[in-house]
Protein chains: 2
Amino acid sequence: MGRLSELDKIKSCPSTYVLAINDTMNVLNGKWKLPIMAALGFGKKRFRELERDIPNITPRMLSKELKDLEANGVLKRTVHDSIPVVVEYELTKSGASLEAVMDVMIEWGLQHRKTFIGKY
Amino acid sequence: MGRLSELDKIKSCPSTYVLAINDTMNVLNGKWKLPIMAALGFGKKRFRELERDIPNITPRMLSKELKDLEANGVLKRTVHDSIPVVVEYELTKSGASLEAVMDVMIEWGLQHRKTFIGKY
DNA sequence: TATAGTGCTATACTTTAGTATAGTGGTTAC
DNA sequence: GTAACCACTATACTAAAGTATAGCACTATA
């Protein structure tokens with residue numbers, strides 16, 4: 001109840017909730033963030049692993065997007081001080097919680113494609 | 001049950017579900033689509049009304065984004081053949097159903113901002 | 001008939017996002 | 001010692017997204 005009415009309160013003010021939605025969308029913005037998050041959904045991975053798992057991504061973009069995602073607190077970069085160094089990337093709790101958001105996006109996307117292809 | 005396992009099946013294949021998520025994100029992509037959808041959340045509006053309600057949008061962008069949104073089937077453009085003509089834009093059923101997706105984005109966005117500001 | 005509003009479009013430009021290609025400094029395997 | 005792998009960075013470019021400014025065809029109002 002308290003939760004629902006809080007959401008309702010926010011939704012009565014577009015400029016506020018547009019900000020909140022933008023916060024969410026910005027985390028996944030661009031061509032490569034989603035594939036990266038998806039690749040990390042199965043567990044921690046190293047830089048070169050990600051580069052191989054995500055077709056056509058360049059190291060430049062991978063590096064940049066990993067930094068963005070880390071800055072947004074949805075993934076964590078760990079440097080193991082072994083020799084040679086091993087660098088691993090994994091989702092944070094916040095990043096993992098994005099899965100719930102992605103789930104509803106998957107459902108809407110599939111539904112939309114169904115009704116859409118039917119019409120046109 | 002059938003629904004949940006369908007989602008699970010899709011989620012086991014990243015290339016498929018990344019597509020579905022992209023379908024959803026593309027509908028709201030760019031700087032202006034979300035503000036437009038938000039403005040139409042309260043009911044039908046005319047072109048100039050939208051232009052006034054959305055700060056700093058240019059008619060060029062408004063026109064372009066309205067076309068995109070219409071092409072994506074989330075809003076409908078109606079020309080009333082009165083004199084002078086009145087053009088109205090409103091959400092379709094599909095567009096209105098996006099609200100559920102936006103709701104979870106609002107919740108994640110707010111939660112994320114809370115934990116995030118706490119940390120940095 | 002001049003002024004203002006509606007619903008746009010056209011042209012030119014800037015800014016941001018993404019690509020292509022090469023290279024660095026370290027490590028290990030042959 | 002040279003070839004190859006790791007985790008990137010640097011430079012230069014192209015393409016896409018967004019902005020600025022002006023204008024058009026129409027109607028309504030004074």
Side-chain angles (χ1 to χ4, degrees), chain A residues 18-19 21-40 43-72 74-91, chain B residues 18-19 21-40 43-72 74-91:
Chain A
V18 164
L19 269 180
I21 298 176
N22 270 332
D23 281 356
T24 304
M25 300 238 304
N26 286 339
V27 166
L28 296 176
N29 242 355
K31 189 174 175 182
W32 299 111
K33 298 214 180 74
L34 200 56
I36 292 170
M37 294 296 282
L40 290 174
K44 42 176 78 168
K45 292 212 169 137
R46 297 171 62 176
F47 189 92
R48 294 280 298 153
E49 259 179 296
L50 287 167
E51 205 182 331
R52 275 187 295 264
D53 287 358
I54 302 167
N56 302 319
I57 197 167
T58 59
R60 185 194 198 282
M61 286 311 285
L62 181 55
S63 172
K64 186 193 165 292
E65 300 297 63
L66 285 171
K67 271 174 193 158
D68 280 8
L69 291 165
E70 197 190 358
N72 275 319
V74 293
L75 69 76
K76 201 174 61 134
R77 177 178 182 268
T78 313
V79 182
H80 300 280
D81 56 353
S82 53
I83 293 174
V85 283
V86 169
V87 183
E88 278 182 324
Y89 297 90
E90 65 187 310
L91 299 184
Chain B
V18 164
L19 269 181
I21 298 175
N22 270 332
D23 280 355
T24 303
M25 299 238 305
N26 286 339
V27 168
L28 295 176
N29 242 354
K31 189 175 175 181
W32 299 111
K33 297 215 181 73
L34 201 55
I36 292 169
M37 294 297 283
L40 290 174
K44 42 176 79 167
K45 290 211 171 140
R46 299 171 61 175
F47 189 91
R48 293 280 298 152
E49 258 179 297
L50 288 167
E51 205 182 331
R52 276 187 294 265
D53 287 358
I54 302 165
N56 302 320
I57 198 167
T58 60
R60 185 194 198 280
M61 287 312 285
L62 181 55
S63 171
K64 186 193 164 291
E65 300 298 61
L66 285 171
K67 272 174 193 159
D68 280 8
L69 291 165
E70 197 190 356
N72 276 319
V74 293
L75 70 76
K76 200 173 63 130
R77 178 178 181 269
T78 313
V79 183
H80 300 281
D81 55 353
S82 53
I83 293 173
V85 283
V86 169
V87 182
E88 279 182 324
Y89 296 90
E90 66 188 309
L91 299 185

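In what follows, every heavy atom counts, from backbone to side chain, and hydrogens, waters and symmetry copies are set aside.
Proximity note for Lys67(B) (side chain, C-beta onward) versus dT9(C), dG7(C), dA7(D): the nearest is dT9(C).
Rounding to the nearest 0.5 angstrom, the gap separating the CG atom in Leu50(B) from the CG atom in Leu40(B) is 5.0 Å. Distance CD/Glu51(B) to CE/Met61(B): 13.0 Å, rounded to 0.5 Å. Distance NZ/Lys45(B) to CG/Leu91(B): 10.5 Å, rounded to 0.5 Å. Note: Ile36(B) CD1 to Asp53(B) CG = 11.5 Å, rounded to the nearest 0.5 Å.
Residue Leu62(A) contributes atom CG, which lies 16 Å from atom P of dA10(D) at whole-angstrom precision.
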Identify each atom pair where a protein N or O and an N or O of nucleotides 15-24 of chain D are less than 3.5 Å apart, giving names and distance.
from    : atom 1 : to       : atom 2 : distance (Å)
dG18(D) : OP1    : Lys31(B) : N      : 2.9
dT19(D) : OP1    : Lys31(B) : NZ     : 2.5
dT19(D) : OP2    : Trp32(B) : NE1    : 3.0
dT19(D) : O4     : Arg60(B) : NE     : 3.0

Show the distances under 3.5 angstrom between N or O atoms of the protein and N or O atoms of nucleotides 27-30 of chain D.
from    : atom 1 : to       : atom 2 : distance (Å)
dA28(D) : OP1    : Ile83(B) : O      : 3.1

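Remark: dG18(D) base-pairs with dC13(C); criterion is Watson-Crick or G-U wobble with both hydrogen-bond distances under 3.5 Å.
The side chain to side chain contact (heavy atoms under 4.5 Å, CB included) search around Val86(A) returns Arg46(A), His80(A), Ser82(A), Glu88(A), not counting sequence neighbours.
Comment: Glu70(A) does not engage Lys67(A) in a salt bridge, judged by the lack of any side-chain N to carboxylate O separation of less than 4.0 angstrom.
Phosphate contact (OP1/OP2 of dT6(C), side-chain N/O of Arg48(B), threshold under 4.0 Å): present.
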